[in-house]
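As structure tokens, the structure follows; a few thoughts come after it.
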Protein chains: 2
Amino acid sequence: MPRPTVKDVAAAAGVSATTVSRVLAGNYPVSASTRNRVLRAVQELDFVINAQARALVGGSTRTVAFIVRDLVGPLFAYIGQGVEQQATAEGRVCLVCTHHGDAERELELIELMREQQAEAVVLVGGGLRTPEHIERTAQIARSLERVGSRLVLCGRPPIGPDAPATVVEYDNEGGAFAVTNYLISLGHRRIAFVGAAEPEHTTTSARFDGFTRAHRAHGLTVDAELVVGGNFDRESGYQQTKALLARGTELTAIIGITDMVASGVLAALREAGLRVPEDVSVAGYDDIPLSADLSPALTTVHIPHEELGRAAVRLALHRDEYALDQHLLLGTHVVIRDSTAPPREDHAG
Amino acid sequence: MPRPTVKDVAAAAGVSATTVSRVLAGNYPVSASTRNRVLRAVQELDFVINAQARALVGGSTRTVAFIVRDLVGPLFAYIGQGVEQQATAEGRVCLVCTHHGDAERELELIELMREQQAEAVVLVGGGLRTPEHIERTAQIARSLERVGSRLVLCGRPPIGPDAPATVVEYDNEGGAFAVTNYLISLGHRRIAFVGAAEPEHTTTSARFDGFTRAHRAHGLTVDAELVVGGNFDRESGYQQTKALLARGTELTAIIGITDMVASGVLAALREAGLRVPEDVSVAGYDDIPLSADLSPALTTVHIPHEELGRAAVRLALHRDEYALDQHLLLGTHVVIRDSTAPPREDHAG
DNA sequence: TTGTAAGCGTTATCAT
DNA sequence: ATGATAACGCTTACAA
């Protein structure tokens with residue numbers, strides 16, 4: 001026997017399909033005896049409602065989509081956790097897709113989620129901020145709005161005041177400012193910034209901006225030699241640091257653009273026989289769980305990961321209530337652990 | 001204007017809805033000029049098809065569900081990555097839910113996925129193996145089969161020969177045997193096993209069985225004092241190790257039931273002033289990326305995480321082709337790193 | 001090559 | 001309190 005339908009249940013209970021629907025929805029008075037007969041039939045037939053058919057007539061799929069670079073990065077995973085939890089709490093199911101850093105693929109996925117009639121489409125993590133990509137994203141926001149859905153940018157800056165998108169950011173630039181400022185306050189004057197390639201990437205540019213602003217605030221300028229490229233992973237931190245050391249660039253501290261990068265930085269320094277923090281201070285960004293387990297435990301910038309994900313879903317699903325507040329900026333703060341200390345006397349600025 | 005439908009497109013292109021459907025599906029001859037008019041109308045109206053409506057008539061939702069304890073554990077994340085990638089590769093979208101270790105909730109979620117008409121429901125990670133839970137899982141497998149869906153157990157043993165479920169396991173017991181055997185071969189005789197609470201949990205019991213079998217294979221018996229409880233996280237490893245040391249239990253090696261547990265073990269040993277591997281050898285299980293970054297880098301058991309996820313989806317979606325092979329057992333192997341060495345002379349067995 | 005009509009499983013509307 | 005009927009947006013016979 002194929003999947004039973006409301007009709008089958010209705011027949012088994014000796015009632016109409018309408019009554020079955022009412023019992024299941026519980027939004028309409030039904031006599032106790034009828035209800036019981038229906039429920040018994042549901043049990044016997046092992047009936048479950050067809051969510052697609054319900055969505056077709058009812059309007060909403062009660063589905064939230066969640067588009068992310070990878071499932072495996074701890075940062076994304078925690079944001080995803082927040083998205084999934086809030087979605088569940090709001091009685092929604094959660095679709096998940098990964099784009100592996102391919103901006104083109106990201107746009108395709110949004111289209112796919114539009115087919116799926118997701119009530120909200122959450123884009124997690126930074127993205128490109130080229131004019132072209134911003135314009136396309138804005139178009140997508142409008143497309144989604146047209147069909148009653150909502151684009152949510154989570155951990156990415158707004159794409160313009162006219163684009164109908166919910167934005168839940170964290171203070172990326174402020175965190176970079178704070179951690180840089182902390183190192184400068186400790187006495188560091190030659191601080192390297194590892195991972196600065198791709199200035200079009202919103203995360204990269206915001207963090208680098210904070211780094212620069214902190215220097216300016218202290219009347220310092222950033223030596224271009226101390227700013228090196230790479231991406232967001234451990235291997236990049238390792239390679240870039242080796243290169244820095246090989247060049248003999250003078251420095252007393254290194255900021256990795258992410259904790260993963262910083263973990264590679266630590267490895268390269270250890271390999272070079274340099275002690276952290278005695279010889280070189282190291283800081284990261286993201287405060288992923290790993291950072292507390294590194295040796296030495298990593299000074300880093302905390303991001304309210306899970307709250308980002310939760311807020312993204314909450315705002316998008318209640319945009320009637322939060323109509324004026326569809327842009328949220330959550331705070332970041334420096335977490336001081338064991339990888340940072342004042343520079344050695346002979347290096348102090 | 002609300003979401004445009006095939007009818008709107010048909011009207012705009014001056015054709016029938018059927019023709020629009022045919023153009024979109026591309027499974028039926030349509031004249032080039034008509035096709036172009038339709039495609040232009042699709043563009044102009046910014047039309048996307050309604051996946052629910054299509055599923056309602058077409059039969060399949062092209063959706064795979066993925067039920068996991070948490071999104072954040074690296075082990076689950078990698079398996080999830082495999083599931084998502086294979087699902088995408090097969091043109092499916094991926095639903096994800098978390099149960100946070102609540103077996104009851106897990107069953108509810110399966111029910112929810114049945115409503116969603118998921119083509120396959122992948123259960124990731126170990127579960128309880130109480131007769132009651134097994135029977136309920138078997139019932140669920142049958143329920144899913146009845147509606148054309150499929151239960152997939154990924155990283156969990158079969159629930160009985162009669163239950164219609166796809167099983168993709170890794171050799172949990174074999175890996176535990178191998179790593180224990182390795183430590184014994186190094187000369188260790190007093191090896192602690194941290195994380196053995198919950199013997200009803202399939203993962204716990206399989207790993208503990210392997211541990212025991214390795215001892216037996218060498219004519220050794222396991223001292224009950226060396227087997228301590230706890231769960232699968234870092235904190236547990238830390239606390240249990242502290243307790244072991246406080247009791248003064250004599251030991252030369254410790255196996256953590258997971259890498260996270262082992263990372264807690266390392267922290268507790270470091271705190272106690274014991275060197276790894278000089279004073280105590282430590283091994284983990286799972287080979288999560290973190291394990292290579294610990295100091296010392298952790299000897300552990302490798303699980304083909306991603307392949308587990310991929311195989312789960314592949315087998316379930318092609319069960320006509322793989323009809324005879326709906327039970328896959330993937331191999332595990334020991335990865336030897338720096339946390340294990342022969343015991344010190346004065347301790348050697 | 002194209003169109004008409006029926007139907008997928010559910011709910012909302014209007015009767016009774 | 002319950003039921004008949006239409007409608008949701010799409011595809012798939014069957015016709016033309």
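Here is the naming used below: chain letters follow the sequence lines, and residue numbers restart at 1 for every chain.
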(request) Check the pair Ser149(A) / Glu145(A) against side chain to side chain donor-acceptor pair (under 3.5 Å), numbers first and verdict last. (result) CA-CA 5 Å; Ser149(A) 182; Glu145(A) 187 188 42; over 6 Å; no

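A salt bridge links Glu135(A) to Arg142(A): one of the charged nitrogens lies within less than 4.0 Å of a carboxylate oxygen. Using a 4.0 Å cut-off between a side-chain N of Lys or Arg and a carboxylate O of Asp or Glu, Glu106(B) and Arg156(B) qualify as a salt bridge. Between Arg114(B) and Asp46(A) there is a salt bridge, with a side-chain nitrogen of the basic residue lying less than 4.0 Å from a carboxylate oxygen of the acidic one. By the 4.0 Å N-to-carboxylate-O rule, Glu44(B) lies too far from Arg40(B) to be salt-bridged with it. The pair Arg92(B)-Glu119(B) meets the salt-bridge criterion, since a charged nitrogen lies less than 4.0 angstrom from a carboxylate oxygen. Between Arg136(B) and Glu104(B) there is a salt bridge, with a side-chain nitrogen of the basic residue lying less than 4.0 Å from a carboxylate oxygen of the acidic one.
Rounded to 10 degrees, the angle between the two end axes of the helix from dT1(C)-dA16(D) to dT16(C)-dA1(D) is 40°, with five pairs used at each end.
Applying the side-chain contact (heavy atoms from CB on, under 4.5 Å) criterion to Leu109(B), with sequence neighbours excluded, gives Ile67(B), Cys97(B), His99(B), Arg105(B), Leu112(B). For Tyr78(A), the ring pair (Phe, Tyr, Trp, His ring centres under 6.0 Å) criterion is met by His305(A), not counting sequence neighbours.
Among the nucleotides dT11(C), dA12(C), dC10(D), the one closest to the side chain of Ala53(B) is dC10(D). With dA12(C), dG7(C), dG9(C) as the candidates, the nucleotide lying closest to the side chain of Asn50(A) is dG9(C).
One interatomic measurement links the two molecules: CG of Leu24(B) to P of dG9(D), which rounds to 15 Å at whole-angstrom precision. Distance Arg62(B) CZ to dC10(D) P: 17 Å, rounded to the nearest Å. Going from atom NZ of Lys7(A) over to atom P of dA6(D) covers 13 Å, rounded to whole Å. One interatomic measurement links the two molecules: CG of Leu56(B) to C1' of dG9(D), which rounds to 9 Å at whole-angstrom precision. Atom CZ in Arg3(A) sits about 17 Å away from atom C1' in dG7(C), given to the nearest Å. For the pair Gln52(A) CD and dC8(C) P, the interatomic distance rounds to 16 Å; values are reported in whole Å. Summarising the geometry, the separation between CD1 on Ile49(A) and P on dT10(C) is reported as 6 Å, rounded to the nearest angstrom.
Gln86(B) places no side-chain N or O within donor-acceptor distance of the main-chain N or O of Arg314(B), the cut-off being under 3.5 Å.
Within residues 30-43 of chain A, the residues having any heavy atom under 4.0 Å from DNA chain D are, by residue number, Val30(A), Ser31(A), Thr34(A). Contacts with DNA chain D (heavy atom under 4.0 Å) in residues 110-120 of chain B: none are found. For DNA chain C, the neighbouring residues in residues 14-22 of chain B, judged by any heavy atom under 4.0 Å, are Val15(B), Ser16(B), Thr18(B), Thr19(B), Arg22(B).
For the pair Pro29(B) and Tyr28(A), nearest-nucleotide mapping onto DNA chain C gives the more 5' position to Pro29(B).
Residue Gln117(B) holds its CD atom at 8.5 Å from CG of Leu56(B), rounded to the nearest 0.5 Å. Summarising the geometry, atom CD belonging to Gln85(B) is positioned 8.0 Å from atom CG belonging to Asp70(A); distances are rounded to the nearest 0.5 Å. In this structure, the separation between OG on Ser143(A) and CG on Leu151(A) is 10.0 Å, given to the nearest 0.5 Å.
The number of heavy-atom neighbours closer than 6.0 Å to CD of Gln43(A), taken from other residues, nucleotides and ligands shown, is 12 or below.
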